[in-house]
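Here the structure comes first, spelled out in structure tokens, and everything after it is commentary.
Proteins come first, then strands; the chains are lettered A, B, ... in the order of their sequence lines, and each starts at number 1.
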Amino acid sequence: QQQVKQSPQSLIVQKGGIPIINCAYENTAFDYFPWYQQFPGKGPALLIAIRPDVSEKKEGRFTISFNKSAKQFSLHIMDSQPGDSATYFCAASSTGGYSTLTFGKGTMLLVSP
Amino acid sequence: NAGVTQTPKFRVLKTGQSMTLLCAQDMNHEYMYWYRQDPGMGLRLIHYSVGEGTTAKGEVPDGYNVSRLKKQNFLLGLESAAPSQTSVYFCASSPHVAPYEQYFGPGTRLTVT
């Protein structure tokens with residue numbers, strides 16, 4: 001059972017475009033939603049994370065939007081650059097008592113020059 | 001700080017051979033994890049450890065064993081490698097306080113022929 005569904009699998013945008021990656025979860029106990037960025041040949045690295053007490057969080061050009069009632073969250077990349085080309089993973093966990101991260105299957109983003 | 005390191009970076013095994021992957025972290029993290037990454041499958045948790053001397057099964061534990069004899073090291077063993085274990089393996093560590101941000105190593109690319 002996949003608890004975090006991520007879409008699309010791949011995405012191509014032009015430089016300056018705003019790619020949007022969506023994730024949906026099922027487990028209502030989840031209360032921590034990070035996004036990881038992975039460049040080819042590297043390990044994933046934390047990009048930005050949100051908790052359900054806020055509906056939006058911005059860090060630089062990266063924004064997470066969160067809809068608790070719909071159990072969905074999304075990543076927006078403003079003014080995308082070729083250097084943003086990477087695979088992006090959403091994830092979720094519950095922090096009340098230890099639990100592991102559940103990852104989405106990833107979105108491969110290509111930003112063309 | 002080196003962060004999370006993995007040894008080896010690449011390995012080719014024949015079916016039935018055994019090997020051990022080593023993960024080391026210098027951040028004094030309590031928690032450590034082993035994931036495998038396959039195209040279109042995202043990151044799947046194999047085993048994890050919440051402290052020295054403890055291990056637990058993740059989503060895809062079959063065919064793997066782990067040990068955490070020292071806090072800074074987490075070993076992943078394949079006793080009898082199979083072609084289905086061809087993958088990229090990532091180790092990660094996290095502190096023992098929420099939200100348990102995970103720090104990933106650079107990965108080991110394993111091919112089983």
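Looking at Lys70(B) and Glu52(B), no side-chain N of the basic residue comes within less than 4.0 Å of a carboxylate O on the acidic one, giving no salt bridge.
Judged purely by distance below 3.5 Å, without hydrogens or angles, the side chains of Ser67(B) and Asn65(B) never pair a donor atom with an acceptor atom. Checking Tyr33(B) against Ser94(B) by side-chain atom types alone, a donor-acceptor pair falls below 3.5 Å. With hydrogens and angles left out, the side-chain atoms of Ser87(B) and Asp38(B) include a donor and acceptor closer than 3.5 Å.
Applying the 4.5 Å side-chain rule to ILVMFWY residues, one finds that Met108(A) remains a lone member of its cluster.
Side chain of Gln25(B) to backbone of Asn28(B): a donor-acceptor contact under 3.5 angstrom is found.
The local environment of CD in Gln9(A) is sparse, with at most 12 non-hydrogen atoms from other residues, nucleotides or ligands closer than 6.0 Å. The environment of CD1 in Ile12(A) is sparse: at most 12 heavy-atom neighbours from other residues, nucleotides or ligands sit within 6.0 Å. Other residues, nucleotides and ligands contribute only 12 or fewer heavy atoms inside 6.0 Å of the CD atom of Glu79(B).
Residue contact with chain A, scored on non-hydrogen atoms closer than 4.5 Å, involves the side chain of Gln37(B) exclusively. In this structure, chain A has a heavy atom under 4.5 Å from the side chain of Val50(B), while its backbone stays farther away. Both the backbone and the side chain of Leu43(B) have a heavy atom closer than 4.5 Å to some heavy atom of chain A.
Contacts with chain B (heavy atom to heavy atom, under 4.5 Å) involve no residue of residues 70-81 of chain A. Among the residues in residues 28-46 of chain A, those with a non-hydrogen atom closer than 4.5 angstrom to a non-hydrogen atom of chain B are Tyr32(A), Tyr36(A), Gln38(A), Gly41(A), Lys42(A), Gly43(A), Pro44(A), Leu46(A).
Relative orientation of the Tyr88(A) and Phe62(A) rings is tilted, given thresholds of 30° and 60° on the angle between their planes.
For the ring-ring contact (aromatic ring centres under 6.0 Å, His included) condition, the pairs that include at least one residue of residues 35-70 of chain B, sequence neighbours left out, are Phe103(A)-Tyr35(B), Tyr35(B)-Phe104(B), Tyr64(B)-Tyr89(B).
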